[in-house]
Amino acid sequence: MSDYNAMELMVVVAARSLPNAASVVVGTGAPCAAAMLAQKTHAPDLVVMFEAGGLGPKMRSAPVSVGDSHTFYHAIQASSMNTIMDACSRGCVDFAFLGAAQIDMFGNLNTTCIGDWKAPKTRFPGSGGGNDLASLCRHSIIMTPQDRRRFAAKLDFVTSPGYLTGKGAREAAGLPRGTGPHRVITNMAVMGYDDETCRMKVLSINEGHTREEVIENTGFELLFAEHLEVTKRPTKHELKILREEVDPTRVIIGR
Amino acid sequence: MSDYNAMELMVVVAARSLPNAASVVVGTGAPCAAAMLAQKTHAPDLVVMFEAGGLGPKMRSAPVSVGDSHTFYHAIQASSMNTIMDACSRGCVDFAFLGAAQIDMFGNLNTTCIGDWKAPKTRFPGSGGGNDLASLCRHSIIMTPQDRRRFAAKLDFVTSPGYLTGKGAREAAGLPRGTGPHRVITNMAVMGYDDETCRMKVLSINEGHTREEVIENTGFELLFAEHLEVTKRPTKHELKILREEVDPTRVIIGR
Amino acid sequence: MSELKKGVGPLFMDPDADNAREFFATKHLASRNKLMTATEAISQYVHDGDYLASGGFGTNRIATALLHEVVRQRRKNLGLAGHTMTHDFQILCAGECISHCDAAYIVGLEARGLSKNARRLIESGKMELCEWTNAALSWRLRAAAMGVSFIPARVMLGTDTFANSAAVEIECPFTGQKYAALPALYPDVALIHVHVASPSGNACIEGLTAADIDLASASKRVIISAERIVPEEDMRRRPHRTTIPSVVVDAVVEAPFGCYPGNMPYLYFSDEDHLREWLQAEEDPEVFKAFVEKYIYGTDYFYEYLDLCGGMRRMIQLRRKEYMVDGAACD
Amino acid sequence: MSELKKGVGPLFMDPDADNAREFFATKHLASRNKLMTATEAISQYVHDGDYLASGGFGTNRIATALLHEVVRQRRKNLGLAGHTMTHDFQILCAGECISHCDAAYIVGLEARGLSKNARRLIESGKMELCEWTNAALSWRLRAAAMGVSFIPARVMLGTDTFANSAAVEIECPFTGQKYAALPALYPDVALIHVHVASPSGNACIEGLTAADIDLASASKRVIISAERIVPEEDMRRRPHRTTIPSVVVDAVVEAPFGCYPGNMPYLYFSDEDHLREWLQAEEDPEVFKAFVEKYIYGTDYFYEYLDLCGGMRRMIQLRRKEYMVDGAACD
């Protein structure tokens with residue numbers, strides 16, 4: 001039916017959400033592919049950063065680690081973790097890509113454990129730089145598959161802050177003014193956050209999926225945009241660049 | 001009478017006060033000459049630092065500025081002001097040489113102004129790194145000419161901390177435990193500090209000077225060591241190294 | 001203002017700056033030859049119960065040769081600073097060396113997957129954890145490097161990460177802004193792999209420094225492993241290129257390919273096949289036991305491990321792979 | 001615990017981290033050609049009333065060419081971060097540009113003596129001062145670079161320097177230890193001279209960095225002057241040598257011998273004769289007026305000043321003098 005897969009669409013949507021000359025901290029995999037695609041399409045001046053210290057590389061291929069040599073290939077600077085984290089804290093970084101094992105309606109993220117923290121059923125890596133980026137960068141973007149287990153009513157552990165308990169809660173907690181979750185990009189839909197309630201709101205639904213399917217795969221009540229749209233499909237040009245230049249071996253976008 | 005001048009003696013005394021493998025932050029002029037002399041005599045492993053960032057240079061000649069190229073000639077590291085100040089704060093630095101326009105009986109120093117601070121009769125440079133080194137290094141050493149104006153009962157401005165108001169005052173103020181003034185080396189005498197009162201105490205008097213002369217040239221009451229000695233004169237070897245290797249142009253030790 | 005909160009996590013190390021100063025006062029600063037074998041360095045400077053920190057970042061510029069030696073010498077009850085530990089954490093878990101850990105990123109190997117053995121240790125409750133973030137741990141090291149017992153930061157606030165950390169909330173005396181106060185972290189010993197070092201320990205890192213500059217200053221003892229040892233004068237000729245000064249270093253170990261199977265910037269890329277082999281071996285505890293026996297306990301020197309992994313042929317392949325990232329070798 | 005004290009000095013700049021973040025959000029990060037003349041850079045980025053900070057240390061690696069231009073364009077009512085300012089302070093005082101100053105080391109030229117003109121300005125009460133120390137100012141810049149409104153330090157405590165600063169005492173929430181809380185310092189504009197820069201502003205400093213790495217991050221605008229401009233790819237080939245990244249830089253000015261009469265590490269030594277000439281001219285206000293007229297107001301470009309001071313012949317002498325410090329040129 002469609003001439004692209006779910007991951008390709010997600011990467012394209014993520015790429016489009018990055019304006020030119022903005023700065024973004026990315027991880028490996030899909031976020032990095034999105035940043036590379038943005039650079040090769042509408043955002044040639046996008047400044048890409050990695051939390052281990054890579055600042056503004058000219059990436060030829062995607063890194064396997066956020067600290068490997070790809071992350072500072074012909075970079076502006078091969079710096080340090082502190083340099084990047086300081087820049088985030090100082091307010092110099094516009095976007096951060098984050099992942100999570102669980103996300104709630106306010107965009108809070110769990111990457112620490114399933115079950116009780118003291119005796120976890122499953123231990124995950126923990127915050128890493130996730131809490132830092134979610135706290136300090138202006139906008140955070142999540143790319144994740146959508147299912148009820150992951151989109152949870154209550155997190156087993158709040159590793160990284162979304163809007164916490166709602167409007168004003170970040171500022172009350174001491175987090176920098178004017179920061180917070182921005183987009184959630186899944187295989188089914190693209191979501192933002194309601195200005196008033198800070199709750200997750202579906203902005204567009206991906207081709208081949210339905211509103212009902214999105215609701216079924218979410219463990220909490222979603223808001224929907226008044227003018228719900230179909231997620232704009234990738235252009236031929238975007239797909240060509242993504243497939244031929246960004247991820248020619250299809251490690252990220254699948255085989 | 002003597003085959004050395006007052007400055008030569010002061011430099012030699014200062015050099016002797018620096019043990020091997022200790023670390024010392026020095027300024028230009030006499031302190032730097034003292035450190036160089038120590039390295040060329042009993043303390044080859046003395047680590048010399050400069051507040052602008054020079055760490056462990058192999059100095060061929062004395063710098064004109066604490067930040068010039070001499071201060072990191074074949075050094076361990078050409079670092080930063082923060083690197084040096086952090087090391088002092090961390091407790092890695094044993095000695096610091098300081099100067100002053102005024103010094104009181106507790107070794108407090110004024111390098112800021114004469115007269116009222118708001119409308120000074122004379123404005124001096126201020127703390128520079130002086131307060132930092134006096135606060136953070138284990139022992140501070142002053143080299144200065146001795147006169148009543150300089151050795152003052154009350155400072156016009158306490159720029160850098162000696163023992164403040166006496167025993168325990170540094171710790172009460174929040175300064176690091178076990179730090180404070182160590183020696184005052186003048187053209188007339190060598191002074192230390194009394195363990196109980198933290199007041200300045202004459203340890204030895206330089207050849208050609210008297211106890212009375214020292215008292216006359218001091219604006220506050222001095223303590224005297226029980227066994228007051230004559231300052232040990234420079235050896236031939238020390239003078240030879242000082243004159244031929246450390247300061248062959250006699251910029252520091254005079255012509 | 002709302003009440004100021006406190007994390008309930010354990011504070012493993014004393015943040016007191018005066019106590020740390022007393023230690024640093026005893027540190028021998030003289031420039032001397034500190035070259036020794038990995039066996040000697042770990043034997044002399046890493047003791048049971050020590051709090052350890054590992055340099056680099058995950059699989060990048062990690063001190064694998066030194067970490068293997070920690071396992072080989074069967075150190076136990078170590079504490080650990082866990083800012084993005086991946087394969088390094090996996091190695092220490094293989095030896096069950098760690099009993100408590102300041103955790104920011106552990107058990108995972110980024111996109112490669114999770115370490116089953118490390119998860120088993122944690123899920124069985126054998127390791128006491130305190131939660132932090134990567135930035136928090138790097139700033140805790142910076143506080144220690146600065147000789148102050150705490151530093152304010154704007155991370156962790158409002159989350160369970162904070163609640164299970166040892167951070168406390170404070171207010172800025174100038175703005176009233178709420179901050180997380182992070183306690184200084186002075187590790188007992190740091191293991192840092194570098195490109196080049198002199199026998200006295202002047203070390204140069206090329207590429208990302210991660211948190212290693214502060215780590216080297218903050219740690220009570222520092223063991224450097226280096227791809228290459230160069231004469232003192234080579235380092236002193238360009239003193240602005242010294243990344244870690246010899247005055248903070250206790251031991252220097254020559255360890256070519258000492259970061260394998262990790263990625264050493266400009267020199268060799270990570271061995272993804274071997275990292276996959278580790279993860280696969282961990283699927284079965286018995287298989288993994290044999291795996292660790294073969295690669296670590298069964299070897300005396302790190303070069304034996306390199307030989308078991310394909311030796312020079314493999315190293316040259318990884319070198320070529322790295323050059324394809326950046327055609328220009330570093331000089 | 002005894003009562004916590006507060007300095008009574010003025011806080012010239014807002015330490016609020018959220019306000020600073022709002023500014024940094026507007027900063028244009030794209031890599032573009034920022035090359036311009038000193039005239040253009042000062043005209044565009046330094047305004048009357050701005051709070052200025054000068055890189056380097058006293059007479060070493062200072063941005064003389066840019067400082068002359070600030071005087072030439074007759075900027076007034078500037079604030080100043082005065083961590084070891086010597087000849088740089090002297091230049092700005094020659095133009096009577098400064099109305100308020102965070103003072104750590106001013107009016108002196110180290111062992112060379114005191115600037116009579118600078119002293120006259122201060123002793124006449126024409127400059128509002130707040131007292132600090134070198135470390136305090138460098139840590140205030142670090143706090144700003146870290147995006148926090150304050151940082152704890154163990155200096156100034158118990159002295160009149162503290163009393164006449166804007167620092168306040170606080171207690172460590174972990175140890176109860178008393179600290180001086182230093183407010184973050186975000187200068188409006190920094191003038192930093194470097195060895196090499198690319199047109200986008202990737203800059204490399206060789207030798208001491210003084211406080212310039214934090215200064216470049218902390219400042220709202222950054223003007224770089226460089227001995228040499230190199231292609232972007234030259235800087236990007238060894239990204240670990242970048243001292244100041246282009247993302248924080250607003251303008252790049254080519255200025256060979258741009259630190260004269262200061263000392264540029266590895267390139268040329270300070271001109272002690274000319275520095276003496278400055279100090280001597282200041283002995284008589286009329287003589288000094290003519291001196292400043294001749295050397296600064298009477299010139300349009302910095303190279304005219306260099307020519308007045310002996311031109312290439314003199315520069316080559318100073319180059320030779322520097323090489324005698326270190327026979328090996330830097331590469």
Side-chain angles (χ1 to χ4, degrees), chain C residues 4 6 11 13-21 135 138-140 142-143 146-155 166-184 195 204-209 233 236-241 243 265-266 326-331, chain D residues 4 6 11 13-21 135 138-140 142-143 146-155 166-184 195 204-209 233 236-241 243 265-266 326-331:
Chain C
L4 295 175
K6 266 173 157 345
L11 191 53
M13 297 298 284
D14 179 7
D16 187 281
D18 274 327
N19 293 345
R21 283 179 62 96
S138 74
W139 286 327
R140 290 184 63 194
R142 181 181 281 180
M146 292 176 66
V148 294
S149 54
F150 77 103
I151 199 160
R154 307 189 79 176
V155 296
V168 303
E169 289 181 358
I170 52 169
E171 279 169 21
C172 171
F174 300 101
T175 63
Q177 175 66 49
K178 201 183 277 179
Y179 282 92
L182 309 176
H195 290 78
C204 177
I205 292 172
E206 290 162 347
L208 310 178
T209 50
E233 278 310 301
R236 283 181 177 266
R237 241 192 97 227
R238 292 183 196 82
H240 58 281
R241 301 232 189 116
T243 318
Y266 307 114
D326 185 354
C330 188
D331 58 357
Chain D
L4 295 175
K6 266 171 152 0
L11 191 53
M13 297 298 284
D14 180 7
D16 188 283
D18 273 327
N19 293 345
R21 283 179 62 97
S138 75
W139 286 326
R140 289 184 63 194
R142 180 181 282 181
M146 290 175 67
V148 294
S149 53
F150 78 103
I151 199 162
R154 306 189 79 176
V155 296
V168 303
E169 289 181 357
I170 52 168
E171 280 169 19
C172 170
F174 301 102
T175 63
Q177 175 66 48
K178 202 184 276 178
Y179 283 91
L182 310 174
H195 290 78
C204 178
I205 293 172
E206 289 162 348
L208 309 179
T209 50
E233 278 311 299
R236 284 182 177 264
R237 239 192 98 227
R238 292 184 198 80
H240 58 282
R241 300 233 188 114
T243 318
Y266 307 114
D326 185 354
C330 189
D331 59 353

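Keep in mind the model is a prediction, meaning the values are calculated, not measured. Hydrogens, waters and symmetry mates play no part in the numbers below; they use all other heavy atoms, side chains included. Numbered from 1 within each chain, the chains take letters A, B, ... in sequence-line order.
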Give a yes or no on whether the backbone of Ser149(C) and the side-chain of Tyr179(D) come within a donor-acceptor separation of less than 3.5 Å. yes
Shortest non-hydrogen separation from [X] to [Y] and the atoms involved:
X: Arg154(D); Y: Ala17(C); result: NH1-CB, 3.7 Å
X: Pro173(C); Y: Val168(D); result: CB-CG2, 3.5 Å
X: Thr175(D); Y: Pro15(C); result: CG2-CG, 4.4 Å

Highest number of heavy-atom pairs under 4.5 Å with chain D among Ala153(C), Ala184(C), Ala181(C) belongs to Ala181(C)
Out of Asp16(C), Asp18(C), Leu11(C), Thr243(C), return the one with the most heavy atom pairs under 4.5 angstrom to chain D. Asp18(C)
Where on Phe174(D) is there a heavy atom nearer than 4.5 Å to chain C: the side chain, the backbone, both, or neither? side chain
Using heavy-atom distances under 4.5 Å, tell me whether Asp14(C) contacts chain D through its side chain, its backbone, both, or neither. neither
Please examine the side chains of Cys172(C) and Pro183(D), heavy atoms only from C-beta on, and report whether any two atoms are closer than 4.5 Å.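 No - every pair of side-chain heavy atoms lies 4.5 Å or more apart.
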At what distance, to the nearest 0.5 angstrom, does CE of Met146(C) lie from CZ of Arg142(D)? 4.5 Å
Measuring from His240(C):NE2 to Arg241(D):CZ, what's the distance to the nearest 0.5 Å? 7.5 Å
Report the C-alpha distance between Ile170(D) and Phe150(C) in whole Å, list the side-chain angles of each, state the deciding distance to 0.1 Å, and finish with yes or no for side-chain contact (heavy atoms from CB on, under 4.5 Å). CA-CA 11 Å; Ile170(D) 52 168; Phe150(C) 77 103; 3.6 Å; yes
